[in-house]
Visitor: 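Quick one: this structure, given as structure tokens, is what I'll be asking you about.
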Amino acid sequence: DQQVKQNSPSLSVQEGRISILNCDYTNSMFDYFLWYKKYPAEGPTFLISISSIKDKNEDGRFTVFLNKSAKHLSLHIVPSQPGDSAVYFCAASLNTNAGKSTFGDGTTLTVKP
Amino acid sequence: KAGVTQTPRYLIKTRGQQVTLSCSPISGHRSVSWYQQTPGQGLQFLFEYFSETQRNKGNFPGRFSGRQFSNSRSEMNVSTLELGDSALYLCASSPTGNLYEQYFGPGTRLTVT
């Protein structure tokens, strides 16, 4: 049973437009959510996170939204840039196991110039 | 600060052999986690160490083991290698102030033939 799901394997957007990456989870006990970006031949890079007590967190061009009732989170990138092209992973953690994250399968974002 | 380093970066082993992978966390980080990434799959959690103690363990067979040293460096061992163990093995470290946020190394690409 996959507890964190990213249902879109890929997403293509035009430079300057908004990119919206989605993530669903099934375990209502998760209390911390993170997004990572991964380029080929590199490890994932931490991007942004959100605690379950919030519904929005913003960092520059990146905003994460959390809808606990729907068990859904999304990452918005505005405006999208070609350098944002990468695989994006959604991850979730429990406060009792903070060092263990459950990851989705990733969404490959392509930003076209 | 220097990032997480992993050695070796690439490894080719034969079925039945054993392998040891090494990870040096970011200076000051005491939590080290290991993940396996196979093609088409997200990151699967292997285990987490904090101050030389294994705190969390994923659903992997006993052939997968690890340890952490007093300087926080960690090693992962896989015995009796199988073809299905071919994967990218990622190590991540976390700051004590926020164990949720993980900083990944570039990974060790293991190929079992």
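Here is the naming used below: chain letters follow the sequence lines, and residue numbers restart at 1 for every chain. A quick note: this is a predicted structure, and the numbers were derived from the prediction, not measured. Because only heavy atoms are used, hydrogens play no part in the values below, and waters and symmetry mates are left out as well, while side chains stay in.
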Visitor: Let me know if A/L47 has heavy atoms under 4.5 Å from chain B in its side chain, its backbone, both or neither.
Guide: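 Contact with chain B is absent: no heavy atom of A/L47 under 4.5 Å.
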Visitor: Below 4.5 Å, heavy-atom pairs only: which of B/E48, B/Q102, B/R109 has the largest tally toward chain A?
Guide: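 Winner by heavy-atom pair count: B/Q102.
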Visitor: With only heavy atoms counted, which part of B/F45 is less than 4.5 Å from chain A, the side chain, the backbone, both or neither?
Guide: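 Contact with chain A involves the side chain of B/F45 alone.
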Visitor: Minimum heavy-atom separation for A/D84 to A/P79, with atom names?
Guide: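 Heavy atoms only, the tightest pair is OD2-O, 4.1 Å.
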Visitor: With only heavy atoms counted, which part of B/R9 is less than 4.5 Å from chain A, the side chain, the backbone, both or neither?
Guide: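 Contact with chain A involves the side chain of B/R9 alone.
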Visitor: Counting only heavy atoms closer than 4.5 Å, note whether B/Y35 contacts chain A via side chain, backbone, both or neither.
Guide: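 Only the side chain of B/Y35 comes within 4.5 Å of chain A.
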Visitor: Check each atom of A/S49 against the heavy atoms of chain B and say whether the ones under 4.5 Å are side chain, backbone, both or neither.
Guide: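 The answer is the side chain of A/S49.
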Visitor: Would the number of heavy atoms belonging to other residues, nucleotides or ligands and lying under 6.0 Å from CD1 of A/I18 be above 12?
Guide: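 Atom CD1 in A/I18 is packed in, count exceeds 12.
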Visitor: Starting from the C-alpha separation in whole Å, work towards a yes-or-no answer on side-chain hydrogen bond (donor to acceptor under 3.5 Å, both in side chains) for A/S85 and A/T110.
Guide: CA-CA 5 Å; A/S85 297; A/T110 302; 5.3 Å; no
Visitor: Looking only at heavy atoms, which of residues 81-92 of chain B get nearer than 4.5 Å to chain A?
Guide: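 When heavy atoms of chain A are the reference, residues 81-92 of chain B contributes B/L88, B/L90 within the under-4.5 Å range.
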Visitor: For the candidates A/Q6, A/K38, A/K100, which exhibits the highest count of non-hydrogen atom pairs separated by less than 4.5 Å from chain B?
Guide: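 Heavy-atom pair counts peak at A/K100.
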Visitor: Tell me which one of B/R30, B/Q68, B/Q54 satisfies side chain to side chain donor-acceptor pair (under 3.5 Å) with B/Y49.
Guide: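 With B/Y49 as partner, side chain to side chain donor-acceptor pair (under 3.5 Å) holds for just one option, B/Q54.
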Visitor: So, does B/E75 use its side chain to make a donor-acceptor pair with the main chain of B/R67 at under 3.5 Å?
Guide: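 It does not hold such a pair.
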Visitor: Given A/F33, which partner from the list A/F89, A/F103, A/Y25 fulfils the ring pair (Phe, Tyr, Trp, His ring centres under 6.0 Å) test?
Guide: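 Going through the options one by one, the only one that passes is A/Y25.
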Visitor: For B/Q37, is it the side chain, the backbone, both, or neither that has a heavy atom closer than 4.5 Å to a heavy atom of chain A?
Guide: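 Just its side chain gets close to chain A.
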Visitor: Taking the side chain as every heavy atom from C-beta outward, state whether B/Q44 and B/L46 have any atom pair closer than 4.5 Å.
Guide: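 Heavy-atom side-chain distance check fails, nothing below 4.5 Å.
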Visitor: Look only at the side chain of B/S31 and the backbone of B/F50, and say whether a donor-acceptor pair between them is shorter than 3.5 Å.
Guide: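 Looks like no, no N/O pair under 3.5 Å.
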Visitor: Would you say B/N59 has more than 12 foreign heavy atoms packed within less than 6.0 Å of its CG?
Guide: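 Result for CG/B/N59: open.
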Visitor: Please enumerate all residues that pass side chain to side chain donor-acceptor pair (under 3.5 Å) together with A/K37, with sequence neighbours excluded.
Guide: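 A/K37 satisfies side chain to side chain donor-acceptor pair (under 3.5 Å) with A/Y39 only.
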